[in-house]
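Worth knowing before you read on, the calculation uses all heavy atoms, side chains too, and leaves out hydrogens, waters and symmetry mates.
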Amino acid sequence: MKLKKLFAGVVAVAMMATMAMPSFAAGNIWGTNGKVHTPDDNGQVNITKEYKLIGSGTSPDETFNFDIQNDFVADSSIKNVDDMPTPSISGVDFKGETGRATTAGNKKDITISFGTGANFIYKNVGVYSYTITEETPDKPTAGVNYDNGTVYMKVTVVNKSDYTGYEIKSVTFHKNGKKLGEGDAAFENTYSAAELDVTKTVKGNMGNKDQYFDFDITLNATDAESKTYNTSYTLTGGQYTGENALTLTLGEAKTIKLKHGENVKIENLPYGVTYTVTEHNYTITDGYDPAEYVYTVDDVANADSVKTIKGTVNKVEVINTKGDVIDTGVILDNAPYMLMLAVVAAGAMTLVIKKRREEE
């Protein structure tokens, strides 16, 4: 009986301990060996936001915002999570030349404020846990990947040495079971974009390399209703340079002209944009073989006619060939008739020779 009571007591204590610190008991949340922060004179600590470029392009101006929520409190006279004080958190602007996503990663600070003096938010000792998440816009920017991970912040508040108030002993940040260290990015975002390059090639000894060929180019985005795209994209190269550059709008075909050796390009197309390149038919009117389309992504063969922007450079080479015609001087269309005349002439000669022999 005593053993049963003892066992029940142990179970009860274990359950109370579990209820007392449920967040901290989750080993996959709280990592070790990371950086311990202490607020600066303004009562603030910073964590890092990193913005990376994938492919090639220029990221649009973007403001990233964050949400901080009370998670748990322990070792405090505050027992209700809703009664916990909540720090404020800043957004981060990535705008202008200094705000562009880079291949190496452009890093900026997110600032978390606890207040100072009379505005210091903590009025009790304790260990306070918070969750920090990145907000995704209602209509996200095309090409931008938002970080959907959760960062856990743990704030340990203690009495001042003279017991005249409270102070923060440490602030730590944890993500994916790892305590964030010096330089670790709490949130990572990417901007993914690439270039479309269209080239014209004419082959065959009868191919006219000074002839212009018409093409229709169309850009599309199936998620244009749910994401924010640029209203237009600029096509340059060939005869479309400077003031002659063309503007392409999603969903609308644009006709361009290219001759042998010329190419045009459209830069900064977000991943997910699809494109079609269709040359007008020059088989019947000009005697060219059907156009051959060679698609590559970063020089790797890719055979589909409707492509999706990816990689760094998406290329379309359109090849027209006009057959190897050799002029021999013989009018081949008259050859059958000439052969018939030759046969008739040979027959007539045979008859003449035979008749002479009979007369002799």
Side-chain angles (χ1 to χ4, degrees), residues 53-58 142-143 191-222 224 229-327:
L53 174 66
I54 296 177
S56 62
T58 302
Y191 175 69
S192 303
E195 173 186 311
L196 174 61
D197 191 321
V198 181
T199 302
K200 179 66 195 168
T201 300
V202 176
K203 293 182 178 180
N205 71 337
M206 293 299 291
N208 184 354
K209 295 189 176 183
D210 292 321
Q211 177 180 349
Y212 279 95
F213 295 78
D214 288 345
F215 298 80
D216 292 333
I217 297 180
T218 308
L219 303 176
N220 281 295
T222 57
Y229 285 83
N230 287 343
T231 55
S232 61
Y233 296 89
T234 302
L235 179 147
T236 60
Q239 59 184 295
Y240 308 102
T241 58
E243 296 180 353
N244 294 322
L246 292 181
T247 298
L248 278 72
T249 302
L250 289 178
E252 296 182 7
K254 180 74 73 172
T255 301
I256 66 168
K257 295 179 180 292
L258 288 175
K259 66 179 180 179
H260 174 77
E262 288 188 338
N263 74 291
V264 293
K265 63 182 179 180
I266 309 167
E267 298 178 307
N268 207 25
L269 292 173
Y271 280 17
V273 168
T274 60
Y275 63 89
T276 56
V277 176
T278 306
E279 184 180 85
H280 293 194
N281 191 337
Y282 291 88
T283 301
I284 298 175
T285 57
D286 295 78
Y288 286 92
D289 293 343
E292 176 187 359
Y293 297 83
V294 179
Y295 296 86
T296 58
V297 177
D298 295 338
D299 296 324
V300 177
N302 212 331
D304 296 336
S305 60
V306 178
K307 305 300 301 175
T308 301
I309 292 294
K310 49 185 172 282
T312 300
V313 179
N314 299 258
K315 292 183 179 180
V316 186
E317 182 184 15
V318 185
I319 303 171
N320 290 82
T321 303
K322 194 166 184 179
D324 295 330
V325 179
I326 300 175
D327 187 359

* **Where Ala193 and Asn268 come nearest, the two heavy atoms and their spacing** => CB-OD1, 3.7 Å
* Kindly state each residue pair satisfying ring-ring contact (aromatic ring centres under 6.0 Å, His included) with at least one member in residues 244-278, sequence neighbours excluded. => none
* State, yes or no, whether a side-chain contact exists between Lys315 and Asp299 at a heavy-atom distance under 4.5 Å. => yes
* Is there a side-chain contact between Thr278 and Thr218, using heavy atoms and a 4.5 Å cut-off? -> no
* Is any side-chain heavy atom of Leu269 less than 4.5 Å from a side-chain heavy atom of Leu219? -> yes
* Listed partners of Tyr288 passing ring-ring contact (aromatic ring centres under 6.0 Å, His included), at least two apart -> Phe213
* Structure fact -> salt bridge (Lys or Arg N to Asp or Glu O under 4.0 Å) filter on Asp210, not counting sequence neighbours, yields none
Under 3.5 Å, which donor-acceptor pairs do the side chains of residues 230-250 form with other protein atoms, sequence neighbours left out?
unit_1, atom_1, unit_2, atom_2, d
Tyr233, OH, Asn230, N, 3.4
Tyr240, OH, Lys257, N, 2.7

* Asked: Looking at residues at least two apart in the chain, or sitting in another chain, which of them share a side chain to side chain donor-acceptor pair (under 3.5 Å) with Thr58?
  -> none
* Structure fact -> When every non-hydrogen atom of Tyr293 is compared with those of Val277, the smallest separation belongs to CE2-O, 3.3 Å
* To do: Determine which pairs satisfy salt bridge (Lys or Arg N to Asp or Glu O under 4.0 Å) with at least one residue from residues 277-291, sequence neighbours left out, and list them in order.
  => Lys200-Glu279
* Measure from the side-chain N and O atoms of Tyr282 to the backbone N and O of Asp214, and report whether any donor-acceptor pair falls under 3.5 Å. => yes
* **Partners passing side chain to side chain donor-acceptor pair (under 3.5 Å) against Lys307 (at least two apart in sequence or in another chain)** => Asn302
* Heavy-atom side-chain contact between Asn208 and Val202 under 4.5 Å -> no
* Asked: If you count the non-hydrogen atoms of other residues, nucleotides and ligands that lie under 6.0 Å from NZ in Lys310, is the total more than 12?
  -> yes
* To do: Indicate whether the side chain of Asp216 and that of Thr255 have a donor and an acceptor atom separated by less than 3.5 Å.
  => yes
* **Closest approach of Tyr191 to Pro270 (non-hydrogen atoms, all atoms of both residues)** => OH-CG, 4.2 Å
* Glu267: partners by salt bridge (Lys or Arg N to Asp or Glu O under 4.0 Å), with sequence neighbours left out -> Lys265
* Which value, rounded to the nearest 0.5 Å, describes the distance between Asn314 atom CG and Thr296 atom OG1? -> 8.0 Å
* To do: For Glu262, enumerate each residue passing the side-chain contact (heavy atoms from CB on, under 4.5 Å) test, keeping only those at least two apart in sequence or located in another chain.
  => Tyr212, Leu258, Lys259
* Asked: Quick one: side-chain contact (heavy atoms from CB on, under 4.5 Å) partners of Asp298, sequence neighbours excluded?
  -> Thr312, Val313
* Heavy atoms only: give me the nearest Ala194-Gly311 pair and the separation to one decimal. => CB-O, 3.4 Å
* Structure fact -> Residues passing the side chain to side chain donor-acceptor pair (under 3.5 Å) test with Thr201, sequence neighbours excluded, are Glu317
* Of all the heavy-atom pairs spanning Ile319 and Thr321, show the shortest one and how long it is. => CG2-OG1, 4.1 Å
* List in chain and number order the residues that pass side chain to side chain donor-acceptor pair (under 3.5 Å) with Asn220, two or more places apart in sequence or in another chain; answer none if no residue qualifies. => none
